[in-house]
Participant: 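Below is the structure I would like to discuss, written out as structure tokens.
Quick note on labels: first sequence line is chain A, next is B, and so on, each numbered from 1. What's counted below: heavy atoms across the whole structure, side chains too, no hydrogens, waters or symmetry copies.
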2 protein chains.
Amino acid sequence: MTITVHGEKELAARTGHLFAKPEREFLCAAADLNTWSRREARVTAIGDIAHRVQQGLTIRKLYSSAALTDEEQRLHLLDLRSAGAQVRIAATALPHETIISDRKAMILAGRTIRGEREFTATTSTILIEGVHAMFEAAWEGAITLTDYLAQDLPHIDADGKAVLQMLTTGLTDEAAARRMGVSLRTYRRRVAEMMRLLEAESRFQAGVRAGELGLAG
Amino acid sequence: MTITVHGEKELAARTGHLFAKPEREFLCAAADLNTWSRREARVTAIGDIAHRVQQGLTIRKLYSSAALTDEEQRLHLLDLRSAGAQVRIAATALPHETIISDRKAMILAGRTIRGEREFTATTSTILIEGVHAMFEAAWEGAITLTDYLAQDLPHIDADGKAVLQMLTTGLTDEAAARRMGVSLRTYRRRVAEMMRLLEAESRFQAGVRAGELGLAG
DNA sequence: CACCGCGTGGCAGCAAATGGCCACCCGGGG
DNA sequence: CCCCGGGTGGCCATTTGCTGCCACGCGGTG
């Protein structure tokens with residue numbers, strides 16, 4: 001059975017029961033933590049996760065490097081790991097979030113349309129097995145959070161992300177500065193800082209790099 | 001058995017025999033046609049492909065949209081299809097070329113280092129099955145060449161790609177124009193044209209888009 | 001031949017971005 | 001209190017990017 005829903009609310013309402021109580025295996029792939037569930041939900045869930053892992057649940061979470069760029073998400077990932085979840089970082093952007101619960105139910109997220117995302121939820125074995133295989137491959141190709149943190153990549157805070165967001169939108173510096181409530185000079189300082197972090201010599205290069213790191217969404 | 005070689009010559013010399021005569025199934029995933037085999041080889045191969053398909057060989061080729069941006073590759077893909085190969089276009093950049101021959105031998109390409117690419121060739125069943133699964137998933141998620149051509153995406157010729165290359169390198173317009181042997185004015189016209197094709201309002205945006213389409217490699 | 005369309009290049013002017021310099025404010029230490 | 005350091009913002013000079021305008025050359029057509 002496969003259905004398509006629009007927006008997270010409808011998703012939760014219609015399929016929440018399928019994903020609430022995984023018993024054996026819970027897989028999750030996403031660009032970062034923000035795109036999927038809201039912060040409040042995350043914060044309350046840690047204890048629950050630890051408990052379920054004790055009961056024999058395997059949790060594997062696969063993120064893009066975008067999940068490591070802000071401090072809050074970074075800390076949450078470490079918490080997840082402490083709670084017994086496995087966390088890896090993939091080299092790709094993972095623009096379509098995926099959740100597979102006990103290989104019995106799956107959610108695939110689509111692109112955002114008019115502020116809402118479209119989700120496909122299914123219990124079809126064929127679909128789930130296929131995506132599960134892809135997940136496995138991606139998982140195998142990804143590196144552990146520990147290894148990832150051992151190297152280290154541009155540390156971009158919420159402010160930095162906001163700047164990238166402005167750039168991605170195509171605004172001029174002046175408009176972007178107004179929107180962020182800072183002066184033109186400061187905004188440009190931030191842009192320069194982003195380019196330094198991304199090791200880019202031109203804005204075009206910075207765009208490519210940001211895209212690669214999944215920061216331009 | 002797994003080996004790593006540097007450069008296409010060494011690859012051909014040491015592993016050519018493993019991939020020369022596929023009988024059942026030949027899978028190939030790559031960003032575009034240029035990155036893998038040279039043009040001459042491609043041109044002569046069409047007849048051979050048709051013949052093998054007659055003998056029962058299944059050929060599936062998965063490319064990124066970058067393979068559709070120049071006319072020559074476009075035509076070659078249509079030729080491949082005529083010869084009986086299945087061709088699909090994936091939404092991702094496919095930066096690592098993959099070839100799987102009869103599920104018995106596999107090549108994975110790495111990044112380019114000092115002008116040469118590094119390849120890993122293997123006959124390990126475990127590795128091949130894993131990647132094969134990923135290929136399947138990617139294949140299922142990709143759309144056929146026919147469907148892809150039905151929509152249509154930016155048509156970027158060799159010149160346009162050269163421009164994107166310059167931009168990716170981070171050169172100033174002046175340096176890039178010199179290197180391409182055109183005037184500053186003309187170079188900028190090309191850049192503007194690229195931005196139009198990529199539907200970008202700023203160079204940063206264009207960079208992101210080019211990255212998404214696998215054109216910034 | 002004249003005429004046209006098209007790609008190119010030079011020039012000019014403007015907009016955008018980049019970065020140096022200095023002044024300011026603020027929160028710690030001496 | 002003064003002083004210091006870091007983030008901010010204004011001002012300004014320079015560079016870089018963007019584009020309209022016009023001219024030139026080239027190949028095709030009437």
Participant: Mind checking the NE2-CG spacing from B/His6 to B/Leu11? Nearest 0.5 Å is all I need.
Facilitator: 11.5 Å
Participant: Counting only N and O atoms by type, is there a donor-acceptor contact under 3.5 Å from the side chain of A/Thr15 to the main-chain atoms of A/Leu18?
Facilitator: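 No; judged by distance alone, with no hydrogens or angles, the pair does not exist.
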Participant: Rounded to whole Å, how long is the line connecting atom CZ of A/Phe204 with atom C1' of C/dT18?
Facilitator: 20 Å
Participant: Figure out the CG/C1' separation between A/Leu184 and C/dA15, and round it to whole Å.
Facilitator: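 It works out to 12 Å between those atoms.
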Participant: Quick check: any donor-acceptor pair below 3.5 Å linking the side-chain of B/Arg185 to the base of C/dG7?
Facilitator: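 When only heavy-atom distances are counted, B/Arg185 does not reach the base of C/dG7 through any donor-acceptor pair under 3.5 Å.
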Participant: I want to confirm an ordering. Mapping B/Ser183 and A/Arg188 to their closest nucleotides on DNA chain C, which one lands closer to the 5' end?
Facilitator: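 Checking each residue's closest nucleotide, the 5'-ward one belongs to B/Ser183.
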Participant: Does A/Arg190 put a side-chain nitrogen or oxygen below 4.0 Å from OP1 or OP2 of D/dT8?
Facilitator: yes
Participant: What is the distance, rounded to the nearest whole Å, between atom CG of A/Leu171 and atom C1' of C/dA17?
Facilitator: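 It is 15 Å, rounded to the nearest whole Å.
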Participant: Kindly indicate whether the side chain of A/Arg189 and the base of D/dG9 share any N or O donor-acceptor pair separated by less than 3.5 Å?
Facilitator: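 Between D/dG9 and A/Arg189, which were checked side chain against base, a qualifying N/O pair under 3.5 Å is present.
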Participant: Nearest whole angstrom, please: distance from the C1' of D/dT8 to the CE of A/Met180.
Facilitator: 13 Å
Participant: Once you round it to whole Å, what is the distance between C1' of D/dG17 and CD of A/Gln205?
Facilitator: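 From A/Gln205 CD to D/dG17 C1': 16 Å.
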Participant: Round to the nearest Å and state the distance from A/Tyr187 atom OH to D/dG9 atom P.
Facilitator: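 After rounding, the reported distance stands at 14 Å.
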Participant: Does B/Thr172 use its side chain to pair, donor to acceptor, with the backbone of B/Ala175 at less than 3.5 Å?
Facilitator: yes
Participant: Rounded to whole angstrom units, what separation is found between the CG atom of B/Asp173 and the P atom of C/dG10?
Facilitator: 15 Å
Participant: Does OP1 or OP2 of D/dG9 have a side-chain N or O of A/Thr186 closer than 4.0 Å?
Facilitator: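 Affirmative; the distance criterion is met.
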Participant: Quick one: B/Glu193 CD to D/dG17 P, roughly how many Å, whole number?
Facilitator: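 One finds 19 Å between P of D/dG17 and CD of B/Glu193, rounded.
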Participant: Atom CG in B/Asp159, atom CD in B/Gln165: separation rounded to 0.5 Å?
Facilitator: 13.0 Å
